Amino acid sequence: MSGAPDALAVVTQLRDLAADPMNRRAIVQDHGCLPGLILFLDHPNPQVVYSALLAIRYLAECRPNREKLRGELGMLLSLQNVVQKSTTPGETKLLASEIYELLQAAAGCEAAGSAPVSGRRKAQFFLGSSNKRAKTVILQIDGLDDPGRQSLCEEALLKIRGVISFTFQMAVKRCIVRIRSDLKAEALASAIAATEVMTAQQVVKAENGEEVLIRFPEGGSVVVEQNVDLPEYLPEEESPSQDPDKAVSRVGSGQEGSSWLGAAANFLSRSFYW
């Protein structure tokens with residue numbers, strides 16, 4: 001893979017980023033991402049168009065985002081063009097139509113009939129988990145007090161095979177980690193404990209909706225599989241949001257401290273036309 005990511009690589013990562021509800025507000029507030037997604041809707045590669053639609057649909061799951069999405073210059077027109085284009089695959093037309101009507105309903109238009117015309121077969125990938133091969137773990141980290149400790153935690157997590165991405169919420173000393181479904185949360189806690197200055201507990205929701213902290217056994221014997229050579233891209237990417245909650249995803253060895261959204265925006269600004 002070349003040093004500069006192509007359109008499909010960028011829109012795929014942006015789609016996966018949008019699949020995480022915790023990232024959706026940050027994406028919409030970024031100055032480069034929505035205009036870029038609109039441009040992707042006119043891309044000649046059908047996979048790029050479909051991935052861009054998926055990203056927009058994920059963003060629209062967050063109700064406060066819908067008015068912003070609807071008001072973005074060219075959004076509704078581009079969605080209409082996707083639906084009306086004769087070469088657009090049926091599933092892509094279905095998704096574009098669903099998004100269009102959802103955004104129109106957000107403005108109060110057709111409020112009584114906001115269900116999509118093609119509601120007989122709504123896209124099923126929005127039901128349940130966005131990817132059954134991955135899961136999200138929220139860690140409450142005691143000792144996550146400053147940027148130095150954050151860097152230590154980053155290094156520990158990046159060494160674990162099966163970690164896809166993670167986002168820090170320094171104000172509340174938390175880390176949201178996207179991992180493969182076969183990786184245990186104990187492995188994350190073990191790696192963090194190995195720093196000898198931090199410990200982690202898992203945050204889960206009880207049946208009544210309240211958060212509960214789960215402690216991991218001290219001195220547990222969880223085997224942590226280490227990453228030796230980090231690939232340029234993981235097979236399943238999920239890149240979290242940008243600052244103020246610093247995000248790190250494994251996209252090459254020299255970018256651990258950079259914002260992925262900023263990199264995407266730079267790519268989009270350099271590639272206004274294809």
Side-chain angles (χ1 to χ4, degrees), residues 13 16-27 29-30 62 134-206 209-228 230 234 236-264:
Q13 287 197 4
D16 291 343
L17 186 155
D20 189 335
M22 301 198 67
N23 298 328
R24 292 169 185 166
R25 294 295 297 275
I27 295 172
Q29 291 167 5
D30 186 272
C62 179
K135 61 184 178 182
T136 300
V137 175
I138 301 177
L139 298 176
Q140 184 74 44
I141 303 176
D142 184 32
L144 187 63
D145 302 322
D146 54 50
R149 296 285 180 88
Q150 179 178 326
S151 295
L152 280 177
C153 192
E154 289 175 7
E155 293 173 5
L157 293 175
L158 283 170
K159 292 177 181 177
I160 303 175
R161 184 174 296 278
V163 170
I164 299 167
S165 65
F166 45 87
T167 304
F168 286 98
Q169 296 182 332
M170 294 297 290
V172 291
K173 300 183 179 182
R174 286 189 177 180
C175 184
I176 297 91
V177 191
R178 187 74 168 165
I179 61 177
R180 297 195 184 281
S181 58
D182 58 352
L183 180 63
K184 295 182 179 180
E186 290 90 336
L188 306 178
S190 177
I192 292 172
T195 65
E196 299 183 349
V197 292
M198 291 176 285
T199 57
Q201 301 177 74
Q202 186 176 1
V203 182
V204 298
K205 285 281 184 95
E210 294 184 358
E211 292 185 347
V212 177
L213 296 179
I214 298 179
R215 291 182 175 275
F216 297 106
E218 294 185 9
S221 58
V222 177
V223 177
V224 179
E225 188 175 359
Q226 299 286 311
N227 271 312
V228 179
L230 300 183
L234 284 177
E236 199 267 9
E237 292 270 357
E238 180 86 21
S239 180
S241 62
Q242 62 172 357
D243 289 336
D245 294 331
K246 184 180 179 184
V248 174
S249 64
R250 196 173 288 126
V251 194
S253 58
Q255 303 176 5
E256 296 175 4
S258 62
S259 164
W260 187 89
L261 282 179

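A quick note: this is a predicted structure, and the numbers were derived from the prediction, not measured.
- Atom CG in Asp182 sits 8.0 Å away from atom NZ in Lys135 (nearest 0.5 Å).
- Ala185 is linked by a side-chain contact (heavy atoms from CB on, under 4.5 Å) to Val137, Gln202, Phe216, counting only residues two or more places apart in sequence or in another chain.
- Scored by the side-chain contact (heavy atoms from CB on, under 4.5 Å) test, Thr199 finds Asp142 as partners (sequence neighbours excluded).
- Residues meeting the side-chain contact (heavy atoms from CB on, under 4.5 Å) test with Gln201, sequence neighbours left out: Leu213, Arg215.
- Legend: salt bridge (charged side-chain N to carboxylate O under 4.0 Å, His left out) pairs involving residues 166-177, not counting sequence neighbours, sorted by first then second residue: Asp145-Lys173, Arg174-Glu211.
- Once rounded to the nearest 0.5 Å, the distance linking CG of Leu152 with CD1 of Ile192 reads 11.0 Å.
- Under the 4.5 Å side-chain criterion, counting only non-hydrogen atoms from C-beta, Leu157 is in contact with Cys175.
- The minimum heavy-atom distance between Ala156 and Ala191, with the atom names listed, is CB-O, 3.7 Å.
- Once rounded to the nearest 0.5 Å, the distance linking CG of Leu144 with CE of Met170 reads 4.0 Å.
- Partners of Glu210 by side-chain contact (heavy atoms from CB on, under 4.5 Å), not counting sequence neighbours, listed by chain and number: Asn208.
- Nearest heavy-atom pair across Arg25 and Cys62 is CD-SG, 3.5 Å.
- For the atom pair CD (Gln169) and CG (Leu139), the distance works out to 11.5 Å, reported to the nearest 0.5 Å.
- Of all heavy-atom pairs spanning Val212 and Ala206, the tightest one is CG2-CB, 3.8 Å.
- Atoms CG and CG, on Asn23 and Asp30 in that order, are 12.0 Å from each other to the nearest 0.5 Å.
- The CD1 atom of Ile141 lies 9.5 Å from the CD atom of Gln150; values are rounded to the nearest 0.5 Å.
- Across Val172 and Gln140, no two heavy atoms sit closer than the pair O-NE2, 2.7 Å.
- With Arg24 contributing its side chain and Ala19 its backbone, the two residues share a donor-acceptor pair below 3.5 Å.
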